[in-house]
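A, B, ... follow the sequence lines: proteins, then strands. Residue 1 opens every chain.
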2 protein chains.
Amino acid sequence: MRGVEATKEAGAGSGLTERQGAVLEQALRLLVDGGEKALTTAGVARAASCSKESLYKWFGDRDGLLSAMIAFQASKVRTLGVSAEALDEASLRAHLVAFAKDLLDVLAGDVSLALNRLAIGQASREGSKLGRLLEERGRRQIGRRAGALLEAGRKAGLLAFGDAEEAYGALYGLVVSDWHLRMLLGDDPSGLKKNFGRRAERAVDAFLALYGGKA
Amino acid sequence: MRGVEATKEAGAGSGLTERQGAVLEQALRLLVDGGEKALTTAGVARAASCSKESLYKWFGDRDGLLSAMIAFQASKVRTLGVSAEALDEASLRAHLVAFAKDLLDVLAGDVSLALNRLAIGQASREGSKLGRLLEERGRRQIGRRAGALLEAGRKAGLLAFGDAEEAYGALYGLVVSDWHLRMLLGDDPSGLKKNFGRRAERAVDAFLALYGGKA
DNA sequence: TGCGAACCGTACCGTACGGTACTGAAGGAG
DNA sequence: CTCCTTCAGTACCGTACGGTACGGTTCGCA
């Protein structure tokens, strides 16, 4: 192990060859198209044109494959840092609206919904290993972006809150409400997606009414 | 069919004998304990001391059993009507806090979490039939209670909102935020349950700050 | 050219599940 | 007592999946 072979890696330090990344890509496609039931080892091998033996060699077992899929997908989503420019009221609102719209777009994405369904289905069994992983890689990441934005707003005197976590929770709730759950339950997201822009603006307005520093 | 036998029914017009209700009860218990994977026809038959043949006679097939489980559980939860008493600011807040706490308790319940996981896992496949059912029986029901409460508040001049659905969405989001998803993913609810009271109060305060009629 | 590693394709095995068929017992009606 | 319905218990079947083993092929390398 850890030999001199210069294996081209797929992600950032993910330890995966690009061949393995391509396999995970196909696995994700299968999962999105047909749900967990369609994600069989034979199906992945056929779709990715690799052998089952290689799958087990690379990922250990089926659970290892699922974990690798989550980690792989998360490695593709890079949270863009907050530009440390000077914030005024308008630019803060614009940043918040952009964040809210991105959040809705991410949550409504095919792959995100499929992976969340997968982890939720696996949650009761096996100590919710996948759930932890998804939460760590997904929510924490986007939470950091929001936290930085909120902190910048407070430093600029535009936001007033005691607990950043609580403020973020309020923002998240106002933006997402129960839409995420409804999409997870099967509500067609295409009909809802058109309202994302307006919804994000209204939610941010409400958030600013609660935590805006004017008072 | 439709004979004169006076079959004792289990639910309110559910068309189920109490024997069948007892079977569904055992099935729900199996689902809560072990997740969908543990919910096998043989397991249900063994746990409920009935034959597989009876299961198929009563519920058709496995999907029919799942649908019956959701309908059965929903039939047990009766939404209590809003007392049409005169509301003042304090009693409205108390009602909202009670509603918020009930909402959190329901969502954190074992059976609710298990059924939501089941429906979500089944969502990608089969046109999300269970998801629709769960949404219809669950969300709509509790949404009606909230709607009535909000409408009463508006009639009393204590709340100001244009779209009741939007106001309810804000209340729901402020109360629940991403806790439901986290519990579905496997976060231990027992640790979170202790904060439900405080959380409900803070959420209602924020909601009143947004939609309170004082302004 | 020969060697070895990686790997694809496939065949194979054990198991577990959904669904069906059969047997025998309990109980009610005539 | 006898017939008939219902249902528990069990055995059974087909299928599909996870995981493993094997033969054949490609490719890098000395």
Grab the [atom1]-[atom2] distance between [X] and [N] for me, whole Å please.
{"X": "Leu55(B)", "N": "dT6(D)", "atom1": "CG", "atom2": "C1'", "result": "15 Å"}
{"X": "Arg125(A)", "N": "dA16(C)", "atom1": "CZ", "atom2": "P", "result": "12 Å"}
{"X": "Arg62(A)", "N": "dG18(D)", "atom1": "CZ", "atom2": "P", "result": "5 Å"}
{"X": "Asp63(B)", "N": "dC17(C)", "atom1": "CG", "atom2": "P", "result": "17 Å"}
{"X": "Leu66(A)", "N": "dG18(D)", "atom1": "CG", "atom2": "C1'", "result": "12 Å"}
{"X": "Glu36(A)", "N": "dC17(D)", "atom1": "CD", "atom2": "P", "result": "12 Å"}
{"X": "Arg19(A)", "N": "dT26(D)", "atom1": "CZ", "atom2": "C1'", "result": "13 Å"}
{"X": "Gln20(A)", "N": "dC8(C)", "atom1": "CD", "atom2": "C1'", "result": "15 Å"}

With a 4.0 Å limit, can you tell me whether [X] has a side-chain N or O closer than that to the phosphate oxygens OP1/OP2 of [N]?
{"X": "Thr41(B)", "N": "dG18(C)", "value": "yes"}
{"X": "Thr40(A)", "N": "dC17(D)", "value": "no"}
{"X": "Trp58(A)", "N": "dA6(C)", "value": "no"}

Check this for me: does any side-chain nitrogen of one of Glu36(A) and Arg62(A) sit under 4.0 Å from a carboxylate oxygen of the other?
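Yes.
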
Is the closest basic N to carboxylate O distance between Arg139(A) and Glu135(A) below 4.0 Å?
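Not counted as a salt bridge, because no side-chain N and carboxylate O are separated by less than 4.0 Å.
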
Check DNA chain C against residues 24-33 of chain B and give the residues with a non-hydrogen atom under 4.0 Å, in numerical order.
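Those residues whose heavy atoms fall under 4.0 Å from DNA chain C, taken from residues 24-33 of chain B, amount to none.
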
Glu201(A) and Arg198(A): CA distance, side-chain angles, deciding distance, salt bridge (Lys or Arg N to Asp or Glu O under 4.0 Å) verdict:
CA-CA 5 Å; Glu201(A) 290 183 8; Arg198(A) 205 179 335 168; over 6 Å; no

Holding to salt bridge (charged side-chain N to carboxylate O under 4.0 Å, His left out), I want the full list of residues that pass it with Asp110(B), two or more places apart in sequence or in another chain.
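Expected list: none.
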
Going by the rule salt bridge (charged side-chain N to carboxylate O under 4.0 Å, His left out), which residues pair with Arg132(B) if we only count those two or more places apart in sequence or in a different chain?
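Expected list: Asp187(A).
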
The test is side-chain contact (heavy atoms from CB on, under 4.5 Å); show your working for Leu115(A) and Leu28(A) and say whether it passes.
CA-CA 8 Å; Leu115(A) 285 179; Leu28(A) 284 172; 4.0 Å; yes

Determine, for nucleotides 9-15 of chain D in 5'-to-3' order, which nucleotides have protein heavy atoms under 4.0 Å from the base (write B), from only the sugar-phosphate (write S), or from neither (write -).
B------

Tell me every residue that passes side-chain hydrogen bond (donor to acceptor under 3.5 Å, both in side chains) with Asp205(B), counting only those two or more places apart in sequence or in another chain.
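Asp205(B): side-chain hydrogen bond (donor to acceptor under 3.5 Å, both in side chains) contacts with Arg93(B).
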
Do we get Arg199(B) above Trp179(B)'s six-membered ring, with its NZ or CZ under 6.0 Å from the centre and within 45° of the axis?
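So Arg199(B) does make the cation-pi contact.
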
Among dC7(D), dG19(C), dG19(D), which nucleotide has an atom closest to any side-chain atom of Lys57(B)?
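Nearest listed nucleotide: dC7(D).
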
How would you list all residue pairs meeting salt bridge (Lys or Arg N to Asp or Glu O under 4.0 Å) that involve residues 68-77 of chain B, not counting sequence neighbours?
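Only Glu25(B)-Lys76(B) qualify under salt bridge (Lys or Arg N to Asp or Glu O under 4.0 Å).
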
